[in-house]
Visitor: 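After the structure tokens below, expect a handful of questions from me.
Everything numeric here is computed off the predicted structure, so don't read it as measured data. These values consider heavy atoms only, across backbone and side chains, with no hydrogens, waters or symmetry-generated copies. Every chain is numbered from 1 and lettered A, B, ... according to where its sequence line falls, protein lines coming before strand lines.
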Amino acid sequence: MATKPSFWLMKSEPESFSIQDLARSPKKTTDWSGVRNYQARNFMRDMTKGDRVLFYHSSADPSAVVGTSVVVKEAYPDHTALDPKDHHYDPKATKEKPIWEMVDIKLDEIFPEPLPLGELRKVKALADMELLRKGSRLSVQPVRPREFEVVVQLAGQAAGTAKRAAKKKAAPAAKPRKKRSSAR
DNA sequence: GCCAACGTTGGC
DNA sequence: GCCAACGTTGGC
């Protein structure tokens, strides 16, 4: 690839399409139809194959970054804009001028533990993230490489913490060990 | 081109 | 369910 991969964040309400839905999709891939915001569309036009995407659950309990995915198909017309029966139908769109576009993304990983918005706000290195800006509503947004890296790293840490907590919880149920002299 | 009214998003 | 922050629409 000519350029380095870029990094993005895409929002979805888990009620309509969750990362678990993505995991169950054929080839763990979905098209990102239904975006009806020009800025978000323009960002999708900037995407190239191999770009990495943070998957975010909005209006969730709690809202959180829940995993990562990869762009596998670059922007092409969003056919749902042409379908009068579709919820995202746009009467201004035509076959010649589709207006709206979408990309395909494929699941990379589901984080062992979601990273809630509240946790992300505590992290200094993420202070400039678009997602954390007051009143930010962009459903498709760029993420700095550094921010992407930090989020993925945090997800790894959170997983470790959760594992240790689970172990601790399970420990009291375990049989008390017979003491024996250690050779060490 | 201005701007009020309206609709939507999304955290809380 | 509330409401702040936006984006869009349409009258003028």
Visitor: Would you please confirm or rule out a distance under 4.0 Å between OP1 or OP2 of C/dT8 and any side-chain N or O of A/Lys92?
Guide: no
Visitor: B/dC12 C1' sits how many Å from A/Leu132 CG, rounded?
Guide: 15 Å
Visitor: Does anything in residues 81-91 of chain A reach DNA chain C, meaning a heavy atom under 4.0 Å, and if so which residues?
Guide: none
Visitor: Using whole Å, report how far CD of A/Glu15 lies from P of B/dG10.
Guide: 14 Å
Visitor: In whole Å, I'd like the distance from the CZ atom of A/Arg133 to the C1' atom of C/dA4.
Guide: 13 Å
Visitor: Whole angstrom is fine here: how far is it from CG in A/Asn37 over to P in B/dG10?
Guide: 9 Å
Visitor: When you check the phosphate oxygens OP1 and OP2 of B/dT9, does a side-chain N or O of A/Tyr56 lie under 4.0 Å from one of them?
Guide: no
Visitor: Return the nearest nucleotide to the side chain of A/Lys11; candidates are C/dT9, B/dG11, B/dG10.
Guide: B/dG10
Visitor: So if you build clusters from Ile, Leu, Val, Met, Phe, Trp, Tyr with side-chain heavy-atom gaps below 4.5 Å, do A/Val70 and A/Phe7 land together?
Guide: no
Visitor: For a 4.5 angstrom cut-off between non-hydrogen side-chain atoms, does A/Glu101 reach A/Val35?
Guide: no
Visitor: Contact class for A/Arg121 (heavy atom, under 4.0 Å): base, sugar-phosphate, or nothing?
Guide: sugar-phosphate
Visitor: Identify each atom pair where a protein N or O and an N or O of nucleotides 5-7 of chain B are less than 3.5 Å apart, giving names and distance.
Guide:
none

Visitor: Tell me the side chain to side chain donor-acceptor pair (under 3.5 Å) pairs involving residues 150-160 of chain A, sequence neighbours left out?
Guide: none
Visitor: Sequence neighbours excluded, which residues qualify as salt bridge (Lys or Arg N to Asp or Glu O under 4.0 Å) partners of A/Glu109?
Guide: none
Visitor: With ILVMFWY side chains joined below 4.5 Å, transitively, what does A/Tyr38's cluster contain besides itself?
Guide: A/Ile99, A/Trp100
Visitor: Without decimals, in angstroms, what is the distance between A/Leu120 CG and B/dG11 P?
Guide: 11 Å
Visitor: Within the 3.5 Å criterion, strictly below it, is a donor on A/Arg36 or A/Thr80 matched to an acceptor on the partner's side chain?
Guide: yes
Visitor: Over how many whole Å does the gap from A/Gln39 atom CD to C/dT8 atom C1' extend?
Guide: 14 Å
Visitor: Is the shortest heavy-atom distance from the side chain of A/His57 to the side chain of A/Glu13 under 4.5 Å?
Guide: no
Visitor: Cluster question for you: counting only ILVMFWY and a side-chain heavy-atom cut-off of under 4.5 Å, with indirect links fine, are A/Val66 and A/Val151 together?
Guide: no
Visitor: Between A/Lys134 (NZ) and B/dC12 (P), how many Å, whole number?
Guide: 11 Å
Visitor: Could you check how far OH of A/Tyr38 sits from P of C/dT8, rounded to whole Å?
Guide: 7 Å
Visitor: Got a sec, which residues hit side-chain hydrogen bond (donor to acceptor under 3.5 Å, both in side chains) with A/Glu119, two or more places apart in sequence or on another chain?
Guide: A/Lys122
